[in-house]
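Only heavy atoms go into these numbers, but all of them, side chains included; no hydrogens, no water, no symmetry mates.
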Amino acid sequence: MKIHNIKYLLIAAFMLVFSACDPIVDEQHLSNSTDVAGVNLKVTHSTPGGNKITLTMDTPGVTGYWDYNLGKALTNEATIVYPIPGKSTFTFVGTLGGEFFAKTIDAQIDKLDTPLDQDWYDLVSTNTATGKTWVFDGAAGTGAAYWFMSPPDNPDSAMSAWWNAGDCCPPLDVAGNMHFDLNGAANYNHYQTASAAAEKGSFVLDVANKKLFIQNSKILGYEAGNTANEYNIITLTADKLVLYVPRSLKDAGTGWTFVYKPQ
């Protein structure tokens with residue numbers, strides 16, 4: 001009898017030891033603090049119908065960022081000077097706690113009463129709705145450096161020509177042009193030649209980071225561009241635009257520089 005009791009005690013002891021080794025799982029599930037309908041977005045104009053606006057998401061427990069079409073503001077509230085008159089749609093992308101969401105709000109801008117950054121006027125002209133056309137600043141056989149191979153990964157060396165390709169071997173669209181305007185949107189058109197139909201797209205001018213992005217179209221001199229259509233702005237004045245890619249499609253081991261002038 002005693003042996004049986006001891007045996008049962010040992011079995012019980014082993015069970016206690018092994019059960020103590022089982023991990024304790026504290027299952028915590030994220031839950032939503034509200035639903036999308038409960039997320040409050042608002043647009044405040046500094047003046048009635050003016051283009052300086054404040055985008056606000058003020059629902060507690062919700063975090064995210066504003067996509068204002070020409071860039072992103074990584075905050076719940078952002079004040080921007082918007083360059084495009086007319087009706088525009090802005091998007092807040094965030095999390096409710098347990099899931100992500102996107103919600104939009106419209107704003108009507110009737111007047112550009114707050115001046116834009118000078119880069120906008122240099123790129124599209126002061127008549128922002130009409131816009132501006134850019135062409136290459138040079139031609140083949142003249143010695144002009146308007147489309148050339150440059151050192152990779154170094155915007156500071158953008159004007160150091162390794163090979164002046166445009167002088168001997170101009171790009172396919174050397175006789176074309178590109179047009180920027182803000183007529184209801186950030187419109188961009190690429191023309192293969194002066195008489196060709198437009199390849200329509202859009203653009204993003206990132207003033208703070210000195211970047212130009214072309215969307216759904218291509219840059220003038222596209223053979224040497226990049227797949228992201230992202231370009232470093234080296235120079236942007238009313239009469240000169242210089243763009244640079246750190247790694248070119250023409251030769252993955254080099255950079256490339258594009259030099260333009262207004263038409």
Side-chain angles (χ1 to χ4, degrees), residues 30-129 131-132 155 180-188 201-217 228-234 236-237 241 243:
L30 294 174
S31 59
N32 292 341
S33 59
T34 184
D35 57 15
V36 175
V39 177
N40 184 43
L41 306 181
K42 62 181 179 181
V43 177
T44 307
H45 295 257
S46 61
T47 59
N51 66 317
K52 184 176 182 179
I53 59 175
T54 299
L55 304 171
T56 304
M57 190 292 304
D58 58 7
T59 301
V62 176
T63 57
Y65 66 89
W66 280 100
D67 181 342
Y68 55 92
N69 306 317
L70 304 176
K72 294 179 174 62
L74 306 180
T75 178
N76 290 351
E77 182 173 287
T79 298
I80 60 172
V81 177
Y82 202 64
I84 304 171
K87 181 181 178 181
S88 294
T89 300
F90 304 100
T91 305
F92 186 83
V93 180
T95 175
L96 302 171
E99 63 180 293
F100 292 97
F101 75 98
K103 188 172 183 178
T104 62
I105 188 171
D106 294 334
Q108 178 67 34
I109 295 173
D110 297 320
K111 54 187 177 181
L112 302 181
D113 56 345
T114 297
L116 309 179
D117 188 282
Q118 184 60 39
D119 282 355
W120 287 101
Y121 299 125
D122 289 339
L123 183 65
V124 306
S125 83
T126 54
N127 188 339
T128 58
K132 190 172 183 177
F180 300 83
D181 71 65
L182 298 173
N183 186 15
N187 303 304
Y188 173 84
S202 61
F203 73 94
V204 173
L205 176 62
D206 185 343
V207 173
N209 295 301
K210 297 297 180 182
K211 298 269 192 179
L212 178 66
F213 300 85
I214 304 300
Q215 300 172 327
N216 302 314
S217 188
N229 253 337
E230 174 184 342
Y231 302 91
N232 291 31
I233 299 173
I234 305 303
L236 177 53
T237 65
L241 171 62
L243 302 178

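In this structure, the side chains of Lys132 and Phe180 stay at 4.5 Å or more apart for every pair of heavy atoms. In this structure the side chain of Ile233 never reaches within 4.5 angstrom of the side chain of Tyr231, judged on heavy atoms. Between Thr47 and Lys52, the closest side-chain pair of non-hydrogen atoms is not below 4.5 Å. Taking 4.5 Å as the limit, some side-chain heavy atom of Pro83 sits within range of a side-chain heavy atom of Leu70. Side-chain contact between Leu55 and Phe92: absent, with no pair of heavy atoms (C-beta onward) separated by less than 4.5 Å.
A side-chain donor-acceptor contact under 3.5 Å links Thr59 to the backbone of Asn40. The backbone N or O of Lys72 lies less than 3.5 Å from no partner atom in the side chain of Trp66, so there is not a single donor-acceptor pair. In terms of modelled atom types and a separation under 3.5 Å, the side chain of Ser33 and the main chain of Leu96 share a donor-acceptor contact. Counting only distance, with no hydrogens or angles, the side chain of Lys103 and the backbone of Val36 share a donor-acceptor pair below 3.5 Å. With Asp117 contributing its side chain and Trp120 its backbone, the two residues share no donor-acceptor pair below 3.5 Å. Judged purely by atom type and a 3.5 angstrom limit, Asp113 uses its side chain to pair as donor or acceptor with the backbone of Asn51. No donor-acceptor pair under 3.5 Å is formed between the side chain of Asp206 and the backbone N or O of Gly71.
The nearest pair of heavy atoms linking Asn183 to Ala129 is CB-O, 3.3 Å. In terms of heavy atoms, Asp181 sits closest to Gly131 at CB-CA, 3.6 Å. Considering all non-hydrogen atoms of both residues, Pro115 and Tyr121 come closest at CA-OH, 3.7 Å. Looking at every heavy atom in both residues, Asp58 comes nearest to Pro60 through O-CD, 3.5 Å. The shortest non-hydrogen separation linking Phe203 to Leu123 is CE1-CD2, 3.8 Å.
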### Message
The test is side-chain contact (heavy atoms from CB on, under 4.5 Å); show your working for Tyr68 and Ile53 and say whether it passes.
### Response
CA-CA 11 Å; Tyr68 55 92; Ile53 59 175; over 6 Å; no

### Task
Take Asn229 and Gln215, measure what side-chain contact (heavy atoms from CB on, under 4.5 Å) needs, and give me the verdict at the end.
CA-CA 7 Å; Asn229 253 337; Gln215 300 172 327; over 6 Å; no

### Query
Hey, mind stepping through Leu212 and Leu236 against side-chain contact (heavy atoms from CB on, under 4.5 Å) and telling me if it holds?
CA-CA 11 Å; Leu212 178 66; Leu236 177 53; over 6 Å; no

### Query
Checking side-chain contact (heavy atoms from CB on, under 4.5 Å) for the pair Asn232/Lys211: CA distance, chi angles, key distance, verdict?
CA-CA 5 Å; Asn232 291 31; Lys211 298 269 192 179; 3.2 Å; yes

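At a cut-off of 3.5 Å, with distance as the only test, a side-chain donor of Thr79 or Thr54 sits close to an acceptor on the other residue.
Counting non-hydrogen atoms of other residues, nucleotides and ligands closer than 6.0 Å to NZ of Lys87 gives a total of 12 or fewer.
Interatomic distance, Leu41 CG to Asp106 CG, rounded to the nearest 0.5 Å: 11.0 Å. Residue Thr63 holds its OG1 atom at 11.5 Å from CG of Leu74, rounded to the nearest 0.5 Å.
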